[in-house]
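To start, the structure itself, in structure tokens.
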Amino acid sequence: MKNLLVVSCVSDDYKAPLSMYLLKNCLSEVVGGVEQYAKNLDADIMYLLPEGEKIDDLKGDVRYTNACSPTLNNPYSVVQVLTGNIPRPMIQDDYVAVFEDKAVSVVTPEAAYGIKNGFDEKFVAVNVGGNTEIKKVSVGQTVGEVANVDGAKAVLLGGLKGTFYAPADAASTKIEATEKFSSITVYDQSECMVDVLVQIMNKTYEMSCGKCVLCREGTSQFKQIVTEMTTGRAKATDIDLIKEVSEIISVGAYCPFGQNMTNPLTSAIALFADEFEDHIKRKTCKCGKCYKQAELYYIDPDECIGCGDCIDACPEEAIEGKDGYIHMIDQDLCEQCGKCVSACDEGCIKTAAKLPKLPKKRTKVGKW
């Protein structure tokens, strides 16, 4: 059986857009590395590019696709795209993906550049404030030498599969010739880390191929949970749930994307535990970016008559109180269903984006 080497330019992490950059700026080195690798494999060469891109002087078999997926560094996933299907990987170590009677291998432009020039240098996408700069760096340099992290709030190394670091720890971390160091994203002090994770998990959910249940359902659940943290609907048990599910996904997902997509969320929770706790338990965002559309229910202590009607109506048993005492809503249990509002004839159950000062212990009606 003949061999086919596919140069996948559609498998970038969205925080590390290196493939097309290298083809446009280092074409001869990439082509040289591809040809050297193909010679070792005795393989024909095919380039797989995003639809609408064109590289002058790129010779040979060039194919285009609208599919861009982190799974497209997997031979089976590439074959699926080439045959008009959804990109989904095959995890069997001994599985040989075949296209047009040729056994398929895959290489990225960055890996091809390394094959040609050696792996003592690599390209890094530095993301700051929505702007991306591609830099060529030496392996062994520290992150702090490549990106200005002074005064930052957090640094993400590795994009959707990456890990959050405290700026001081990131600054002293040495860059290695691995995918983890293909992107450095710097977040400043104005960023709400919970809101940042909403953006990351939305993108992760979008990029999941959906083949395995753990990744498909995990990305969906994580997206929903972190979104609820920003709208006042999160539960006190959500952090433990994330940690438990993440451990299962990391060992059971089909591909490296699924196995590692939990890293940004779990590392952010470890690094910013207080910020996540503020969102979940206190329903507050110190950065002022969350709760803009939240409906936090509370009982006005000046108007409550302690009748107990709201307690009877609450399906979550989230309202505390007894006859003659001001009732209180437990925000950790409240699901914002609104049934208490309908039950209260006095109209003392109200909503707000930020809770006013309320009783913290049982207080008799009229004593607040």
Side-chain angles (χ1 to χ4, degrees), residues 12-18 21 70 122-135 137 141-176 178-207 219 222-231 234 238-239 242-243 246 257 260-280 282-292:
D12 282 343
D13 189 306
Y14 87 112
K15 288 187 175 294
L18 301 180
Y21 175 88
K122 74 178 275 89
F123 288 84
V124 177
V126 180
N127 305 295
V128 181
N131 298 315
T132 299
E133 181 183 2
I134 309 296
K135 295 183 177 182
V137 305
Q141 279 187 270
T142 63
V143 169
E145 292 172 328
V146 176
N148 181 13
V149 301
D150 293 340
K153 185 172 186 177
V155 180
L156 176 64
L157 302 182
L160 294 181
K161 297 183 291 182
T163 302
F164 276 99
Y165 287 77
D169 294 333
S172 61
T173 300
K174 291 185 178 182
I175 292 174
E176 302 171 2
T178 63
E179 183 184 9
K180 175 180 178 180
F181 294 93
S182 291
S183 73
I184 301 170
T185 305
V186 182
Y187 295 93
D188 65 30
Q189 293 292 338
S190 69
E191 294 284 359
C192 165
M193 296 312 298
V194 181
D195 182 62
V196 165
L197 264 297
V198 171
Q199 300 170 42
I200 290 176
M201 294 316 303
N202 278 333
K203 192 66 177 181
T204 301
Y205 174 74
E206 177 186 325
M207 298 304 289
T219 54
F222 288 163
K223 176 174 74 81
Q224 178 180 343
I225 290 172
V226 293
T227 299
E228 288 178 347
M229 290 179 185
T230 67
T231 59
D238 282 345
I239 295 297
I242 289 171
K243 293 177 180 178
S246 295
F257 175 77
N260 293 286
M261 63 83 182
T262 64
N263 291 344
L265 181 54
T266 55
S267 61
I269 288 173
L271 199 58
F272 296 98
D274 290 346
E275 196 161 331
F276 279 85
E277 185 173 328
D278 283 344
H279 281 70
I280 296 170
R282 301 178 183 88
K283 316 294 182 186
T284 59
C285 175
K286 293 179 180 178
C287 298
K289 293 193 175 183
C290 304
Y291 300 106
K292 293 175 182 175

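- Lys289 places none of its side-chain heavy atoms less than 4.5 Å from the side chain of Val196.
- Note: Tyr187 and Phe164 meet the aromatic proximity criterion, with ring centroids under 6.0 Å apart.
- The heavy-atom pair separating Asp13 from Leu160 by the smallest distance is OD2-N, 2.6 Å.
- With contacts defined as side-chain heavy-atom distances shorter than 4.5 Å, the pair Met261/Met201 qualifies.
- In this structure the side chain of Thr173 reaches within 4.5 angstrom of the side chain of Phe181, judged on heavy atoms.
- A donor-acceptor pair under 3.5 Å is absent between the side-chain atoms of Asn263 and the main chain of Thr163, judged by distance alone.
- Judged purely by distance below 3.5 Å, without hydrogens or angles, the side chains of Asp195 and Gln199 pair a donor atom with an acceptor atom.
- A donor atom on one side chain and an acceptor atom on the other are not found under 3.5 Å apart for Lys223 and Thr204.
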Please test Gln141 against Lys135 for side-chain contact (heavy atoms from CB on, under 4.5 Å), starting from the C-alpha separation and ending with a verdict. CA-CA 12 Å; Gln141 279 187 270; Lys135 295 183 177 182; over 6 Å; no

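- In this structure, Thr230 and Val226 have side chains that are not in contact, with every pair of non-hydrogen atoms separated by 4.5 Å or more.
- The closest side-chain heavy-atom distance from Cys287 to Glu191 is not below 4.5 Å.
- Among all heavy-atom pairs drawn from Ala125 and Thr132, the shortest one is CB-CG2, 4.0 Å.
- Looking at heavy atoms from C-beta onward, Val155 lies in side-chain contact with Ile184 at the 4.5 angstrom threshold.
- Asp278 contributes no side-chain N or O that, together with a main-chain N or O of Thr284, makes up a donor-acceptor pair within less than 3.5 Å.
- Shortest non-hydrogen contact noted between Lys15 and Asn127 is O-ND2, 3.0 Å.
- Contact record, Met207 with Pro70: CE-CD, 3.3 Å, taken as the closest heavy-atom pair.
- Between Ile239 and Ile269, some side-chain heavy-atom pair lies under the 4.5 Å cut-off.
- Taking a 6.0 Å sphere around CZ of Phe123, one finds it holds more than 12 heavy atoms contributed by other residues, nucleotides or ligands.
- Thr266 and Ile242 get closest at one heavy-atom pair: CG2-CG2, 4.5 Å.
- The distance from the NZ atom of Lys161 to the OG1 atom of Thr262 is 12.0 Å, given to the nearest 0.5 Å.
- The nearest pair of heavy atoms linking Pro17 to Ile134 is O-CD1, 4.1 Å.
- With Tyr14 as the aromatic partner, Lys203 meets the cation-pi criteria of under 6.0 angstrom to the ring centre and within 45 degrees of the ring axis.
- Within the 4.5 Å cutoff, side-chain heavy atoms of His279 are placed close to those of Cys192.
- Atom OG1 in Thr219 sits 11.0 Å away from atom CD in Glu206 (nearest 0.5 Å).
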